[in-house]
Amino acid sequence: MGFWEFLTGDNAEQCVVAVEVALDKLNGDLVDRLESLSRLDTIIVEMPTGMLGLNSKEVLKVRRIQERLAVNVEMTFDHGF
């Protein structure tokens with residue numbers, strides 16, 4: 001038994017309350033997996049660099065995922081500093 005399993009027990013996935021993921025990795029399979037996390041509260045989405053409008057396809061994708069999962073979504077941007 002590893003340390004993480006010792007701390008969380010057999011059902012470690014039920015302890016996940018937040019995840020951080022790049023927008024280009026958010027596909028249907030991952031969203032399905034996230035939906036199965038019963039305690040998930042927040043998703044931090046790494047958005048592509050550059051200016052995005054409120055109605056850009058990237059922002060709309062994040063909004064659809066937020067509505068589907070009923071979680072808080074925070075968008076971050078890598079400015080390359």
Side-chain angles (χ1 to χ4, degrees):
M1 177 183 296
F3 182 69
W4 182 251
E5 290 86 9
F6 173 76
L7 288 177
T8 62
D10 293 335
N11 207 357
E13 291 180 349
Q14 298 308 314
C15 296
V16 175
V17 294
V19 296
E20 183 173 356
V21 64
L23 179 66
D24 63 341
K25 302 296 182 195
L26 270 174
N27 59 36
D29 291 336
L30 180 55
V31 174
D32 290 344
R33 182 91 166 128
L34 293 173
E35 194 169 34
S36 74
L37 300 172
S38 63
R39 296 187 60 201
L40 184 65
D41 178 67
T42 302
I43 299 173
I44 302 165
V45 181
E46 297 170 7
M47 300 296 285
T49 57
M51 297 297 289
L52 296 174
L54 292 176
N55 292 318
S56 68
K57 66 179 181 174
E58 294 88 356
V59 172
L60 293 175
K61 177 180 178 179
V62 171
R63 286 184 185 160
R64 283 191 303 272
I65 292 168
Q66 181 178 21
E67 290 172 3
R68 175 177 169 187
L69 300 179
V71 296
N72 298 313
V73 172
E74 299 177 20
M75 291 182 265
T76 64
F77 297 87
D78 179 11
H79 297 290
F81 296 121

Item to complete: Output all residues satisfying side chain to side chain contact (heavy atoms under 4.5 Å, CB included) with Asp41, sequence neighbours left out; order by chain, then residue number.
Response: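 Checked Asp41 against side chain to side chain contact (heavy atoms under 4.5 Å, CB included); matches are Asn72.
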Item to complete: Begin from the C-alpha positions of Leu34 and Ile43 and carry the test side chain to side chain contact (heavy atoms under 4.5 Å, CB included) through to its verdict.
Response: CA-CA 9 Å; Leu34 293 173; Ile43 299 173; 3.9 Å; yes
Worksheet item: Which heavy-atom pair separates Val73 from Gln66 by the least distance, and what is that distance?
Response: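 That would be CG2-CB, 3.6 Å.
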Worksheet entry | Side-chain heavy atoms of Val62 within contact of Met47, under 4.5 Å |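 A side-chain contact exists here, since the closest heavy-atom pair is under 4.5 Å.
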Discussion item. Any heavy-atom pair between the side chains of Arg63 and Asn55 that's under 4.5 Å?
Written reply: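 SC-SC contact between Asn55 and Arg63 confirmed.
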Item to complete: Determine, step by step, whether Thr42 and Glu74 satisfy the side chain to side chain contact (heavy atoms under 4.5 Å, CB included) criterion, reporting the C-alpha distance in whole Å, the side-chain angles of both residues, the deciding distance to 0.1 Å, and the verdict.
Response: CA-CA 7 Å; Thr42 302; Glu74 299 177 20; 4.0 Å; yes
hydrophobic_cluster_shared for [Y] and [X], side chain cutoff 4.5 Å:
X: Val19; Y: Met75; value: yes
X: Phe77; Y: Val45; value: yes
X: Val16; Y: Val21; value: yes

Going by atom type alone, with no hydrogens or angles, which donor-acceptor pairs under 3.5 Å involve a side-chain atom of residues 23-32 and a protein atom two or more places apart or on another chain?
{"unit_1": "Asn27", "atom_1": "OD1", "unit_2": "Asp29", "atom_2": "N", "d": "3.1"}
{"unit_1": "Asn27", "atom_1": "OD1", "unit_2": "Leu30", "atom_2": "N", "d": "2.8"}
{"unit_1": "Asp32", "atom_1": "OD1", "unit_2": "Arg68", "atom_2": "NH2", "d": "2.4"}

Practice prompt. Output the distance between atom CG (Leu69) and atom CD (Glu35), rounded to the nearest 0.5 Å.
Written response: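 Separation between the atoms: 5.5 Å.
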